[in-house]
Structures are given as structure tokens and as C-alpha cells.
Q: 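First, the structure itself, so that you have it in front of you.
Whatever order the structure lists ligands and atoms in, that order sets their numbers, starting from 1. A quick note: this is a predicted structure, and the numbers were derived from the prediction, not measured. We use all heavy atoms of the structure for the numbers below, so side chains are in, but hydrogens, waters and symmetry mates are not.
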Amino acid sequence: MSSQITPEELSFDANHIWHPYSTTVNRADMFPVTGAEGVYLHLNDGRRVIDGMSSWWCMVHGYNHPEMNQALKQQIDEFSHVMFGGLTHKPAIDLAKKLVAMTPEPIQTVFFADSGSVAVEVAIKMAMQYWIAQDRPEKNKMLTVRGGYYGDTTGGMSICDPDGGMHHWFTGILPQHYFVPRPACGFHEPCEDSHLTELRQFLDLQSHQLAGIIIEPIVQGAGGMHFYSPDYLVRLRQLCDEYDILLIHDEIATGFGRTGKLFACEHANVVPDIMCVGKALTGGYMTMAATLCTEQVSKTISEHGPFMHGPTFMANPLACAAGNASLEILSRGEWQPQLAMIETVLKNELMPCAEMASVSEVRVLGGIGVVELKEPVVMAEIQPLFVEEGVWVRPFGKLVYVMPPYVITPEELKTLCNSICRVLHRVGR
Ligand SMILES: *Cc1c(COP(=O)(O)O)cnc(C)c1O
């Protein structure tokens with residue numbers, strides 16, 4: 001339907017366009033997409049592949065969703081963008097209302113950001129301004145657990161895992177923050193005092209420097225696809241209260257149903273002071289994220305002065321319209337049985353991989369399935385094999401993982417899982 005991509009255009013791409021974490025010389029071939037429908041990506045050569053990645057967590061309702069398309073077309077015909085300084089509009093008000101209503105009750109205020117990384121930067125600034133407003137500017141450091149991923153901008157990079165992240169590329173440039181070990185208690189395990197020893201020791205000595213503790217609740221995403229105990233989140237909330245530190249949850253990957261709860265913090269019944277959402281917020285249609293906070297945080301900052309952030313495309317009406325349509329679809333609740341089905345099928349169909357010599361662990365939570373290998377994959381080898389199988393799976397390092405669109409059928413999901421097992425057999429000598 002849409003236009004084909006020529007070899008000449010592909011070679012222009014290879015020489016002139018940066019892709020995520022890519023070079024512009026000797027680059028691996030990209031797979032050209034000409035369309036997308038439901039859970040399928042349509043490739044230039046006429047093949048269609050099942051998207052196991054939801055385009056990096058966001059495309060939860062599937063591609064070309066009629067209701068999403070309609071909402072955006074309607075908003076385009078009204079207005080596509082206005083500045084948000086001094087002006088406001090219904091798409092933003094509607095979306096903020098929905099976000100306040102669906103998040104835990106203490107969360108009352110919405111800052112619209114243009115990407116997940118920006119939402120994290122905003123969260124860090126918010127935590128710092130909260131303490132500046134109380135005349136405690138020395139509380140300007142963040143603490144996090146190892147194995148995290150919070151985005152690619154400077155603030156986000158500085159709290160990503162210090163070994164797996166980008167610290168070694170930018171030594172001396174990144175702001176210095178603090179790390180404790182990643183939660184050692186698995187999803188079904190209780191959190192023991194011993195899991196918190198280093199954190200407690202740190203807090204006893206250094207909590208006066210800390211503005212906040214930031215963490216991805218329950219699932220550490222791109223930093224290693226780890227799942228940990230809800231109990232850990234409960235203890236973290238208690239420690240933040242005890243030591244007078246803000247708690248920030250990054251729900252950019254986990255939010256809007258992905259872990260089987262609407263927000264991952266609901267596994268622990270814990271409410272953060274600041275919460276970042278993004279990715280699935282617009283059903284994958286537009287780039288948008290948000291930093292939400294309690295009234296306590298927003299009032300404390302505001303009594304001292306303005307909150308100092310304001311992007312050009314803040315609360316872009318098209319993105320808000322996509323967000324409103326996506327949250328409307330979610331509010332009908334079909335995501336719950338969909339996620340339950342996805343979890344069951346992922347467990348049944350990925351588990352056989354655990355028997356392979358090349359596999360160290362298979363784990364599943366909600367709509368997330370992870371096959372952890374003993375050795376990193378060779379991307380140039382494995383990526384074409386997945387496409388040959390009719391699936392789009394993009395591993396990183398030792399992790400072959402999927403988080404399919406919620407609308408995937410059991411049969412499509414079985415195809416996806418079986419393809420993973422077959423490909424791992426082929427490469428797993
Ligand atoms: C993807 C992600 C981000 C960054 O979001 P971008 O939109 O890519 O900037 C931050 N935190 C988490 C947990 C993420 O998964």
C-alpha cells in the first residue's frame with residue numbers, strides 16, 4: 001500500500017541516518033517497513049512479521065487501530081499544536097484528568113514531557129526543587145539500584161547501571177549519583193533485612209545528601225529485564241519516609257498494564273511521591289511522557305516559586321489526543337484478560353527454552369517474557385533468523401525478550417514463542 005523503499009534509499013539511510021545506538025559506517029542492514037496492521041509489521045519484500053517488541057513497549061493496542069486513528073484525525077482537523085505557556089486546551093485537560101484518576105489517590109499533578117528521558121530529567125529536577133523550596137539545597141543527589149535504565153539524556157544516563165550503562169563513555173561528565181545493589185529478592189520472595197543492608201548503611205551516613213530514591217518498580221527494563229519482590233518496594237517506601245527522602249517510580253516501561261497491573265506499584269500497594277510514565281501512554285502513536293507527583297510535592301515547590309521546565313512541545317494536542325484514545329481503550333478493561341492470556345501462553349511456550357544448554361533462565365511476568373542466555377547474542381546473525389521465522393524480536397546482550405501488543409491472539413503468541421525456541425536452537429550450538 002505505502003511506497004516501497006529502493007536500494008538507493010536504503011544506502012542513503014546507511015550513510016546519512018543515525019539509528020538507535022548505531023554507526024554510520026559498516027552498519028548492519030535495516031529492515032524496511034512499508035506498513036503495519038494489528039500485531040504485524042509489513043516489510044518491503046512483502047513479508048509480514050509479528051511484532052514481539054510492541055515497538056519497544058509502546059504499541060499496546062496494535063498498529064493502525066481504527067479508534068486511535070480516528071482520534072488523531074479529528075484532532076488534526078481542530079488544531080495540531082499550540083504552545084502551552086499561557087495557553088491550555090481540552091486534550092491536555094482530559095488527559096491529565098484521566099491520569100490523575102487512574103493513578104493512586106495521592107498523585108494529583110501532571111507535567112507533560114516529550115519523551116521518557118525528559119520525564120526522568122523532570123522528575124530529578126522536581127525532587128531537587130522540592131528540597132530547594134525547603135531551604136535544604138544540599139539534598140541534591142539521587143540514589144538508585146544497580147541494573148536500572150532511565151533514558152539516554154545526561155540525568156537519565158547518570159543513574160543507569162554504572163557498568164551496563166554509558167558511564168564509561170562519559171566519565172567525568174555525568175553528574176555523580178549513588179548506587180546500591182539491585183534487589184536480590186525475586187518476584188515471589190519476601191524482602192529480608194539482609195537485602196537492605198547496604199542501603200541502610202548508606203542512608204545512615206548519607207541520607208542528608210539525598211533528594212530522592214529512584215527505581216523502576218517490579219521490573220528493571222532495558223538494564224537487564226529483572227523482576228523483583230513487591231516487598232522490596234514496600235520497604236523502600238518505609239525507608240524513604242524514615243529518612244525524609246522522596247520516592248520516585250519510573251513506570252515508563254511498566255505502566256498501563258504491562259506487568260498485569262495497571263501500574264507496577266500496585267503489586268506492592270505503594271505510592272511514590274513522583275511517578276514517570278511514557279511509552280504506552282499514547283498507545284505508541286506519538287512521543288509523549290509525563291511526570292506526575294503528589295500535591296505535597298507540587299505545593300511545596302510552588303510556594304517557593306515556579307517549577308523550572310517547559311518544553312516547546314509540552315502537552316502537544318495530537319499526542320494528548322492519542323493519549324486520551326489509548327487510555328479510553330484501556331479503561332474498558334479488556335487489557336486484563338488479554339494480559340492474563342499472554343502471561344499463561346508465554347509461560348507455557350517459552351519454558352521449553354529453559355532446557356537448552358545455551359539458556360540460563362526463562363522468566364515471565366504479565367506481558368513480559370525473557371529468555372536469558374549464557375552468552376550475548378550475535379545480533380547480525382540472530383536478527384535475520386527471527387525475520388525468516390516471521391517474527392520481530394530484537395535482543396540485547398544475553399537477553400532475548402518479548403512484550404507483545406495486548407491484542408495478540410494466543411495463536412500468534414505461540415508462533416512468536418515457538419520461533420524464539422527454534423532460533424535459539426539454531427544459534428545455540
Ligand atoms: C524507555 C525508558 C526510558 C526512556 O524513555 P525514552 O522515551 O526512550 O526517552 C526511561 N525509563 C524507562 C524505565 C524506560 O523503559
Q: Looking at Lys90 and Glu78, is any side-chain nitrogen of the basic one under 4.0 Å from a carboxylate oxygen of the acidic one?
A: no
Q: State whether Asp241 and Arg237 are salt-bridged, where the test is any N-O pair (Lys NZ or Arg NE/NH1/NH2 against Asp/Glu carboxylate O) under 4.0 Å.
A: yes
Q: Please could you name the atoms of ligand 1 that Tyr150 approaches to less than 4.0 Å, counting only its heavy atoms?
A: 10 (C), 11 (N)
Q: Would you call the rings of Phe202 and Tyr178 parallel, tilted or perpendicular, where under 30° means parallel and over 60° means perpendicular?
A: tilted
Q: Checking Glu138 now: which residues fulfil side-chain contact (heavy atoms from CB on, under 4.5 Å) with it, not counting sequence neighbours?
A: Arg136
Q: When the aromatic ring centroids of Phe79 and His89 are compared, is their separation below 6.0 Å?
A: yes
Q: Considering residues at least two apart in sequence or located in another chain, which fulfil the side-chain contact (heavy atoms from CB on, under 4.5 Å) criterion with His226?
A: Arg182, Gln220, Arg363
Q: Out of Glu251, Glu216, Lys279, Met288, whose heavy atom is nearest to atom 2 (C) of ligand 1?
A: Lys279
Q: Which atoms from ligand 1 have a heavy atom of Ser115 less than 4.0 Å away?
A: 7 (O), 9 (O)
Q: Please could you name the atoms of ligand 1 that Ser117 approaches to less than 4.0 Å, counting only its heavy atoms?
A: 4 (C), 5 (O), 6 (P), 9 (O)
Q: Which of the atoms in ligand 1, numbered in the order shown and given with their element, are less than 4.0 Å from a heavy-atom of Asp250?
A: 10 (C), 11 (N), 12 (C), 13 (C)
Q: Could you tell me, atom by atom, which parts of ligand 1 come under 4.0 Å of a heavy atom of Gly151?
A: 4 (C), 10 (C)
Q: Counting from 1, what ligand 1 atoms have a heavy atom of Tyr149 closer than 4.0 Å?
A: 1 (C), 2 (C), 3 (C), 11 (N), 12 (C), 13 (C), 14 (C)
Q: Looking only at protein heavy atoms, identify the closest one to atom 7 (O) of ligand 1 and say how far it is in Å.
A: Gly116 N, 2.8 Å
